[in-house]
Every structure is written in structure tokens, then in C-alpha cells.
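One structure below.
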Amino acid sequence: MENSKYLKGLNDEQLKAVLHEDGPLLILAGAGSGKTRVITLRAVHLIKTGRAKSYNILGVTFTNKAAREMKERIKKALEYEEGGHMEYGSGLPEFSTFHSFCLKLLRRHADLAGYERSFVVFDEDDSSKVITKIIKSLNLNEKIITPSKAKYFIEKNKNSFINAEESFGTVKAWEKDYAVIYSEYSKKLKESNAMDFNDLLFNAVRLFQNNPQILERYSNIYKYIMVDEFQDTNYIQDKLIKLLADKHKNICVVGDDDQSIYSFRGATIDNILSFEKTYPGCSVIKLERNYRSTKNILNAASALVKGNKIRKDKTLKTDKKSGGSIITVYQANNDYSESYYIAKEIRRLIREDGYSNKDIAILYRANSQSRVIEDRLIKESIRYNIYGGLKFYQRKEIKDILSFLRFALNPKDAVSFERSIQCVPTGAGEKTIKNMQDIAFKNGVDILTALKTGLFSSIRGLNNMQAQTIYIARASFPAAVPDSSVSGIANYFDVILKIKSEIESAILSKHEEAVKIGNSDIAAESESGSVSNSGDRLADIINFAYKASGYESMLKAGVSKANELDGNRIENIEELINASHDFGDITEFLDQSAINDTKEEPNARDGSDITKVSLMTLHSSKGLEFPVVFIAGLEEHLFPHIRSLDNESSLEEERRLCYVGITRAKEKLYLTWSKKRRSGKDYKYNMPSRFLREIPEELIEEIVDTYEYY
DNA sequence: TTCTCTAAAATTTTT
DNA sequence: TTTTAGAGAA
């Protein structure tokens, strides 16, 4: 077996990790030490030796991108081994993020988790809306109790597996209001048949705890579990993994404490530190050989991270003989000059050093830094891609249109109801909406049931028409334009009800089809709200929501008034409709839009990607590598960020973030900072980042800006 | 009461 | 620069 092709070229430690078979394994993998290779080859090895079937292996990652990449690499390795033929008909191992794994699980067992199968996932934006409303309704002091603090409180508790009632027992006196908000929030989400991101983990763990037979079933399927970026797991994620791995204890975790950068999301380094205690006799393998960066870059990174007190001691080594290029530190007079330098240097790198756009990344601490850089790149005609930032499915227009589908599918979803009825002026404002919700609530039914049973006859805009007749009387789906002969609010419900009946008939047809061919699995699945893609029904439905709601005419009116933003929005919605062609199932589509924003790698479909420079935050750069890396904005108060300065541990996290950024670079590294930076309408004056001083002088060449560009 | 326009405020990191 | 809040118009 050791002669297998896929094992070639591994160093001793890597080989040891790949060949590890049963029992717990902790891999401490430094930056660029080939840990992805190790994880994927270990999966390949388990399959090749017949120790496990593909479906016995579960890989858990933090990002969708990482999950995709690993699956891709496993596929390649298996194919390579077979001389180009994929013979593993049983498919590839499951690699998914914590969140998508839990979501799939909960969809399958929604009833046991106490939800209806059509539950929706609330993203941050949806959650914030609910929280803001609760704070208003409780008449709390909005100066002290802010939505973001409340959100943090709720998240912190959910991540620690503490529910609302329990939080009353653990809060300090001055946090009592937050526990009240948490309690109201949980109630509201439950009433809306909705889960937020944290609920996905929370409910999955509870599902396993309350239903040992289910846990047993999944434990027997996933005999081998691997967790990537283990240093970024929080309490509840760790708990989930422990539950699943408890039976077979074939758990392999990979992590690097120096790259722990998500403590603000509840990640705790304790999970790595206590791993050996949880699993006595576990094997520990250190990967310290770096295959990515030059010696100078590694030395800079090591010197920097040694400034942290709390860390496991390890040192990255390289076989490379020469030091490589020296690190450039650029001092700019203002942020425009900084961008100017970066753009100019990129052009030089391409012209003189033979690099191309795809080799280059510009990293920054905060998303807000990207704008000035973008402006400059556009002026210089340098093509670029932004990773992260406002994701496609988070855009207002996309969320607006999808809220129609979400509400039609799950009429309990209060957030989507409010959003869809207000995104186009319908004549229903705050008061009318509240009124309708109260009526429905008092009668113990959802909004659409209340409408159909005539409970809304007192609502303005609905009173001159029998509610039931709205949706059978008028032109059939798909209609293109809003009907101006009825009130905006009647038209709105007409649209919703047509979408709903369209969704239901699609589910029905899929169900019949499944029954006909005797496939009970599909039949069962379709009850959860699936829509078959015959005739691109999903795209039709979205198109219908867009046009019949009046959203399209609203945007077009904006365009005729030369509103550029509305033009972009039209394009985005068209892209949404395009993207929906790839999905057969409406629930799956909506799930993906919430937790797997496939647009996070922009336009991955068109290959033009590779001709562009990459822009992203330091956080989203983790796991990537580029021949040339620029880190912009190395200033006190920006990086390290001002909000990290009041305690040592968050300052150390900033330092790790800087370490992550530096270790992305393979050959050339540029660190830039600016004495003056525009912030709002005035300027802020900053000192150079302390991190610049922590890099040994001999590794640095300093360039000082002589001009000031605007 | 709802809609629209203008002024003011706000900017860490993400599944 | 973009988003939100508030005031006045319809």
C-alpha cells in the first residue's frame, strides 16, 4: 500500500498522519504545511485500503469553499490512482461546513427537532430585524441596549448551549434585559418556524441528545470524522463532533493555534488544548515543514507571532536555501496614495517580473478599505475580484424577491412577510401589518390562513373584495404585470397565493412522479417542500414574483430617472433567475442562499476569474496562497483594530491575523500603511502598526511616499 | 397612515 | 459612500 501513487512526495510526518487508521488523532499543522493534502489523502487512503466506504467518512470545514476544494482534491486523487477513471461509484465522502451538515440533518428530522419541515433559515440580517423590533417593543433604553450587543449576548449563549430560560440563571444582574430579549427572540423565531445560524448547531446537538437512536444511526454511518481548522471551533461545534465521534473514536482534527482568528464568534482554543484529555491515548502529529513561503517571509511571520504569550511553541521550517525577496514596507501620505502605490507596483510586477493578475492578492483588515483600492484599480484598468464583503444573496433586491418565496413557502415567517409586503409600496405600512399579525395571532392561524378565511375583511384595501376570490378570480400564473385595478395590498396577496399554489402543485407533481416510479425516498423528500425542475419552474416563480409584485416596474422607473443603482439591481435579479436554473428544489435553493452563498467566489463559472487580482479581508484569506501579497492599512487603530486594544487576548488575535496574512505570501510581500486616512467626511491620522516594528529590520526595505495623491 | 425626500450617522472580522 | 431616521406631503 505504501507504494501507492498518492503517497509519493509526502514527508515523514505527513505520511504518518495519512497512514493513521483507527483512533483519535490531533494534527498540529503550521501555515503552509500541507494539511489539506494530508486530510484529503487520509480520506483517499481509508477508501483505497477498503477500511471505509466513501459514505463512512465525514469531513467538516468552516467554509463552503474549503469543503468544495477538499471534495475536488479527493476526487482527483482517486481518479489519478485509477488512471483517469473514477471507479468509486458510491460517490465521494461527505465534506461540508458545520452549518450545512446540521441543516441537512435538521431538514430530515425537522419533526423531532420540533419544527415544521418547511422551516426557514434566518441570516444575520433577518435576526437583526427581529432583535431591533423586540428592543423597541420592550421600551428599553436604546442608548444602552443596542441590537448588536443583544445579538452578541444571544450568540454567546447559543454557542455555549444555553437556552433562553437557562440564561436567566447565569446572567449578571445588569444583563437581565438581554436575557429577556433572548427569550422573546427565541419565541419569535419559533413562531416564525425559523432557525438562525446558531440554532442550526444548537438544534442539531439537542436532536442527538434527545434521540439516541438517531445519534446511533449517524454514528454508524460516519465511522471516520475529520475536522478542519479545529482551532476555530466553538463550544457547541466541539460538542457536536464529540457526540458523533463518541462511538468509534475515529476522530481526526487538524488545527493551528497561531491561526485562531475567530474568537469573536465564540471559537475557543480550549478545544485543541483539551483534545488530548478528552481522548486519552490520542496520537499527536506536528507538521512544521512549510512548503509555501520564502525564508524571509517565514522569518517575518515567526518573529511576529512569537510576540504572543499564549501559544503552543512551534517553528515553521523550510528547505529553501536562499531568503528570497526582501519585504517591502511602504509609508503613504494618505489612503489614496497607498492605493496608487499598490496599483503602480502591480503594473510593474506584471511588466517586469512576469507575474500576472491572478498571482496577486490585496488583503485588508476591514471591508471599508476596499473602496479606495477599487477606485484606483479601475482607473488603472487592473481587473480584480472582491471576495467576501456583501454577498450576492445578502443584497437588498435579492432578499426582497426571495422573501416572496420564503413567505409563500412558510406563511409563519414574519420577517419575510414584512419584507415582501413593504419592498414595493402596497399601501400597507407598519400599522396595517401589525394589525394583520395581531388578528392572525389572536385566531391562532398564520397570515395566509387568516386571509383565506376572511379574517382580514376589516383591513383597508381588502374590504371591498372577498379575500378568497382574490387568488382564483384573476389571470393565471405566470402573469407579468401587477393588476392596477385592485389595491396594492390585494395584488400583493394575489401574488403570494399564486406563488404558493404554484409551489404546491410542483411538489404534488413531483410526489406523484415519485410514487409512480415507486421511489418512496423522493416522495418523502418532496413533502418537505421540494419543487421539481421540470420546465424550470423555480425560475418561473422567481420571475413571477419579480414582475407581478411590481418590483420590476419600480426598478425600471428608477432607471429612467438615471438611478444607476437600480440598473445594477435589475442585473442582479436577472442573475438570480439565471442561478435558479441550476436548482431543482426550492427549499434547497433557499437553504443555499442562506448558508452557502455560492457567489462567494465571484463568477466561478466564467474562467475569466484567473485574470484578476484578488481583494479580500485578512479573515477570508485564510487557507489561500498567492505568489504576491499586499497587506494594506498597517496602522494602529485599524490593524490592530482600535476595539482590540483594551485587552491582551484580542490584541494577540490581531497579531495572529497578521500572521495569517503574512503566511499567505509565497514569494513577495508588501506591507503598506498611510499616515492619514479618510474616515467619513474628515481625516484620521494614524501611527504605523506595532506589527511593523515586530518584524526584524533586516528583512525589510522601507519606501516613503513623497507625493500626496487624491 | 403611508410614502418620499432630505439630513444625519456610521463603518471588524463571518457561517 | 451607503444606510437609516425623521419630517413633511399626499
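Residue numbers start from 1 in every chain, and the chains themselves are labelled A, B, ... in the order their sequence lines are given, proteins ahead of strands.
- Side-chain N/O atoms of A:N367 include one lying less than 4.0 angstrom from OP1 or OP2 on B:dT13.
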With a cut-off of 3.5 Å and sequence neighbours excluded, list every side-chain donor-acceptor pair involving residues 422-433 of chain A.
residue: A:T426; atom: OG1; partner: A:I421; partner atom: O; Å: 3.0
residue: A:T426; atom: OG1; partner: A:A428; partner atom: N; Å: 3.2

Query raised in the report: Once each nucleotide of nucleotides 2-10 of chain C is scored for protein heavy atoms under 4.0 Å, what B/S/- sequence comes out, 5' to 3'?
Result: ---------
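- When the salt bridge (charged side-chain N to carboxylate O under 4.0 Å, His left out) test is applied to A:R656, the partners found at least two apart in sequence or on another chain are A:E653.
- A:S620 comes within contact range of the sugar-phosphate backbone alone, with a heavy-atom separation under 4.0 Å but no base atom that close.
- Using a 4.0 Å heavy-atom cutoff across all strands shown, A:D123 reaches no nucleic acid atom at all.
- Applying the side chain to side chain donor-acceptor pair (under 3.5 Å) rule to A:E652 yields no partners; only residues at least two apart in sequence or on another chain are considered.
- A search for side chain to side chain donor-acceptor pair (under 3.5 Å) contacts involving A:K556 returns A:E552, not counting sequence neighbours.
- A side-chain donor-acceptor contact under 3.5 Å links A:N157 to the backbone of A:F153.
- B:dT13 has its base stacked against the ring of A:F264, the centroids being under 5.5 angstrom apart at an interplanar angle below 30°.
- Taking 4.0 angstrom as the limit, A:R643 places a side-chain polar atom (N or O) nearer than this to OP1 or OP2 of B:dT12.
- Not one side-chain nitrogen or oxygen of A:T617 sits closer than 4.0 Å to the OP1 or OP2 atom of B:dT12.
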Query raised in the report: Once Watson-Crick and G-U wobble pairs under 3.5 Å are found, how is DNA chain B written in dot-bracket notation, 5' to 3', with | for any base paired to another strand?
Result: ||||||||||.....
Considering only nitrogen or oxygen atoms on both sides, find all protein atoms under 3.5 Å from nucleotides 3-8 of chain B and state each distance.
residue: B:dC3; atom: OP1; partner: A:T426; partner atom: N; Å: 3.2
residue: B:dC3; atom: OP1; partner: A:G427; partner atom: N; Å: 2.8

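- Annotation: salt bridge (charged side-chain N to carboxylate O under 4.0 Å, His left out) contacts of A:D258 (sequence neighbours excluded): A:R311, A:K314.
- Listed by residue number, the members of residues 254-263 of chain A with any heavy atom below 4.0 angstrom from DNA chain B are A:Y262.
- Within 4.0 Å (heavy atoms only), A:E653 reaches no atom of the nucleic acid at all.
- If you check every strand for non-hydrogen atoms under 4.0 Å, A:F62 touches sugar and phosphate atoms only.
- The stretch residues 95-104 of chain A touches DNA chain B through A:T97, A:H99, each having a heavy atom under 4.0 angstrom from the strand.
- Here A:D228 pairs with A:K35 under the side chain to side chain donor-acceptor pair (under 3.5 Å) rule; sequence neighbours left out.
- Under the stacking definition used here (centres under 5.5 Å, planes under 30°), the residue A:H641 qualifies as stacked on the base of B:dT12.
- Partners of A:T146 under the side chain to side chain contact (heavy atoms under 4.5 Å, CB included) rule, at least two apart in sequence or in another chain, are A:S148, A:K149.
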